[in-house]
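Note that ligands are numbered from 1 as they come in the structure, with each ligand's atoms numbered from 1 the same way. These numbers come from the heavy atoms of this one structure, side chains and all, not from hydrogens, waters or symmetry mates.
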Amino acid sequence: MPVRHAILVAVTLLSAPAGRGAPLVIAHRGASGYLPEHTLEAKAVAHAQAADFVEQDVVLSRDDVPVVLHDLYLDAVSDVAEVYPGRSRDDGRFYALDFTLAELRRLRLSERLDPRTGRQLHPGRFPAGTGRFQIVTLAEELEFLAGLDRSTGRRTGVYPEIKRPAWHRDAGRDISPIVLRVLREHGFATKADACFLQCFDADEVRRLRHDLGWEGRLVQLVGEVADGGPDPLLATGALDDLAAIADGLGVPLARVVDPAGRPTGLVDAAHRAGLVVHAYTFRRDRLPAFATDADTALRLVFVAAGVDGLFSDFPDVCVDWLRTARR
Ligand code: CA
């Protein structure tokens, strides 16, 4: 980055208010820019690239084992249609919940395909259909990351997301208590532990805190604002209500920086309410609309908007950028 920018960035990052340290780099589905998402290989690279946190999306298998997968269905990231022909539902999709863990273990994971075209979603990435990658359980991944922490002497946090709890409930399953049990068994239970638990479902976030007794850090995920209207989170009281339950907010990049490259004000408002803000998702090969290069994108997100964390498919790019900025 240009020297002038580097100095400005360093000053801004170093002058972050007490209690909020340098921004966190969260490996989005692992280092998914380099290896198929949610494989242990992608998690190992994320750890080696010094991501502060590594993300796990979690769904249930037929036998109620929490497994690390982004979608409820398997067809965009595995060879399920070849291995289990005829096991799709009426919508043509193959759901993880319809397969036991033993059955899921027979699948090969692959770089994500675009279901509309059947082609690789991110063309420049790891070649789809190659490699031998497997679905892992949440417990296996937590054990794997703990092993890397021990062998490298560097602590990397975990960032599990409970996927579609209401959908699971409609199917007769209660995913949240199962995920909490696995987290607690692996030492994640309080706000002092290196874990953020995240969910889009606001009712479930409340339930996790009030009914299920989750005492660890909790992040409310939110989606895009429809039609580019005003951000409902900026309505009076909205962020304060959230802060009564959650520790942080997970928001799309477009809600922290507007198309003209100006901070939207959401991060500052969230900070005033006592919430941290983690934005998603930085992709070097699919930059946000407000930037034409990675350096500009990261400067706007980390410095101008002042987020506390960034989900990234390319953890190394963000880690390197922050290191350069701090020098
Ligand atoms: Ca996620």
Return a table of donor-acceptor pairs under 3.5 angstrom between the side chains of residues 232-251 and protein atoms on other chains or two or more places apart.
from : atom 1 : to   : atom 2 : distance (Å)
D247 : OD1    : K191 : NZ     : 2.7
D247 : OD2    : R209 : NH2    : 2.8
D247 : OD2    : L218 : N      : 2.8

Checklist entry - Can you pull the side-chain hydrogen bond (donor to acceptor under 3.5 Å, both in side chains) pairs that have at least one residue in residues 117-130, sequence neighbours excluded? => result R125-D285, R125-D313
Checklist outcome for this item: Note on the Ca ion (ligand 1): protein N/O/S atoms within less than 3.0 Å are E55 OE2, D57 OD1, E161 OE1
Checklist entry - Salt bridge between D98 and R62, side-chain N to carboxylate O under 4.0 Å? => result no
Checklist entry - Would you call D201 and K163 a salt bridge, using N to O less than 4.0 angstrom? => result no
Item to check | Pair R105 + E140: basic N to acidic O under 4.0 Å | outcome: yes
Item to check | Residues forming a salt bridge (charged side-chain N to carboxylate O under 4.0 Å, His left out) with D79, sequence neighbours excluded | outcome: none
